[in-house]
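Quick notes on the structure that follows.
As the structure is a prediction and not an experimental result, all values here were calculated from the model.
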Amino acid sequence: RAGGPARGGAGAAEPVRAGGIEREVFAMNEREEIVRRWLLMWLQGEDLGIKEIFAEDAVYTESWGPVYHGAEAITHWFRGWLTRGRVQVWDVHRFFHAGDQTVATWYFQCRMGEDKPVGFEGVSVVRWREDGKIASLTEYCCEPEQYDPYANGPEPVFEATERALY
């Protein structure tokens with residue numbers, strides 16, 4: 001914008017063309033619906049259009065390390081994962097939007113085989129292409145076993161835990 005700082009301060013993105021604020025809100029709602037559709041696929045255990053929401057060259061990074069390159073690989077992982085586990089809960093708390101990115105905070109719970117269910121709070125950072133497809137999605141998790149290492153005095157005591165592989 002000529003004559004002044006971008007709305008939202010340094011680094012703020014320009015609105016999604018044509019229609020100003022209304023178009024921005026519409027784009028945000030569309031993006032949220034796509035993210036919710038992705039989570040619904042997990043909850044229903046069914047591919048409801050993975051290749052419709054992920055770009056052909058999309059990159060998906062799970063919170064515990066694995067990375068999948070391309071919509072085909074994401075689809076393969078999704079289908080394979082469902083043979084080993086079941087997502088029981090994936091509730092979105094809120095969305096944040098900035099430019100070509102959306103951040104969703106959520107609670108996730110799954111059960112792998114006959115193991116007891118495990119859950120955690122997490123965040124997904126989604127980067128969008130101009131055509132409305134997901135270019136990348138990176139997950140982050142907050143370990144479910146939380147504690148205060150200073151609960152018993154001035155010296156921290158850290159618990160050794162074994163990470164679950166979701």
Side-chain angles (χ1 to χ4, degrees), residues 11 13 16 23-149 157-166:
V16 179
R23 179 66 187 132
E24 274 188 75
V25 171
F26 183 72
M28 289 187 292
N29 290 338
E30 285 179 330
R31 290 173 174 183
E32 290 175 15
E33 285 307 311
I34 291 170
V35 171
R36 288 183 193 284
R37 180 176 171 189
W38 173 237
L39 303 185
L40 182 64
M41 290 186 213
W42 285 100
L43 289 164
Q44 292 184 352
E46 182 180 355
D47 179 347
L48 303 171
I50 293 172
K51 292 179 183 175
E52 293 172 17
I53 66 171
F54 284 94
E56 188 175 312
D57 60 347
V59 176
Y60 195 106
T61 305
E62 286 193 82
S63 62
W64 58 283
V67 180
Y68 310 100
H69 297 272
E72 192 67 44
I74 294 166
T75 301
H76 178 75
W77 157 63
F78 173 83
R79 291 180 178 157
W81 193 97
L82 292 173
T83 67
R84 300 182 300 278
R86 170 142 171 67
V87 173
Q88 298 173 312
V89 178
W90 208 338
D91 290 335
V92 174
H93 301 309
R94 65 186 52 93
F95 288 99
F96 302 92
H97 302 277
D100 68 346
Q101 295 186 39
T102 298
V103 174
T105 64
W106 39 258
Y107 176 76
F108 172 88
Q109 181 179 305
C110 71
R111 184 173 182 173
M112 302 304 288
E114 297 302 315
D115 293 347
K116 90 176 198 189
V118 293
F120 59 90
E121 296 289 335
V123 174
S124 292
V125 178
V126 181
R127 190 173 51 79
W128 302 93
R129 290 186 355 170
E130 284 188 20
D131 65 3
K133 289 191 173 189
I134 296 171
S136 66
L137 192 156
T138 303
E139 297 175 349
Y140 299 90
C141 93
C142 187
E143 289 295 326
E145 301 300 322
Q146 298 178 1
Y147 61 94
D148 178 356
V157 177
F158 297 101
E159 298 176 6
T161 60
E162 196 172 308
R163 284 194 63 152
L165 301 179
Y166 310 101

What closest approach, in Å, do [X] and [Y] show between heavy atoms, and which atom pair accounts for it?
X: Val125; Y: Gln101; answer: CG1-OE1, 3.6 Å
X: Phe120; Y: Cys142; answer: CB-O, 3.4 Å
X: Gln109; Y: Pro117; answer: NE2-CB, 3.6 Å
X: Arg37; Y: Leu48; answer: NH2-O, 2.5 Å
X: Ile74; Y: Phe54; answer: CD1-CD2, 3.8 Å
X: Arg86; Y: Leu43; answer: NH1-O, 3.0 Å

[X] [atom1] to [Y] [atom2] distance, which is reported to the nearest 0.5 Å:
X: Glu159; Y: Glu143; atom1: CD; atom2: CD; result: 11.5 Å
X: Arg111; Y: Lys116; atom1: CZ; atom2: NZ; result: 11.0 Å
X: Phe96; Y: Thr102; atom1: CZ; atom2: OG1; result: 11.5 Å
X: Ile34; Y: Ile53; atom1: CD1; atom2: CD1; result: 7.0 Å

Check your understanding: Where does the angle between the aromatic ring planes of Trp38 and Trp77 fall among parallel (under 30°), tilted (30 to 60°) and perpendicular (over 60°)?
Key -> tilted

Exercise for review: Show the numbers, then the answer: is there a side chain to side chain contact (heavy atoms under 4.5 Å, CB included) between Leu39 and Phe108?
Suggested key: CA-CA 10 Å; Leu39 303 185; Phe108 172 88; over 6 Å; no

Check your understanding: Any salt bridge between Arg129 and Asp131, counting N to O under 4.0 Å?
Key -> yes

Check your understanding: Are Glu52 and Lys133 ion-paired here, with the side-chain N under 4.0 Å from a carboxylate O?
Key -> no

Point to revise | His76 atom NE2, over 12 foreign heavy atoms within 6.0 Å | key: no

Review point. Heavy-atom count around Arg84 CZ within 6.0 Å, excluding the residue itself: above 12?
Key: yes

Can you find a heavy atom in the side chain of [X] that is under 4.5 Å from one in the side chain of [Y]?
X: Val92; Y: Glu32; answer: no
X: Glu72; Y: Glu56; answer: no
X: Cys141; Y: Trp64; answer: no
X: Glu30; Y: Glu33; answer: no
X: Arg36; Y: Phe95; answer: yes

**Study point:** Trp81, Tyr68, Tyr140 screened by side-chain hydrogen bond (donor to acceptor under 3.5 Å, both in side chains) with Glu62, the one that passes
**Key:** Tyr68

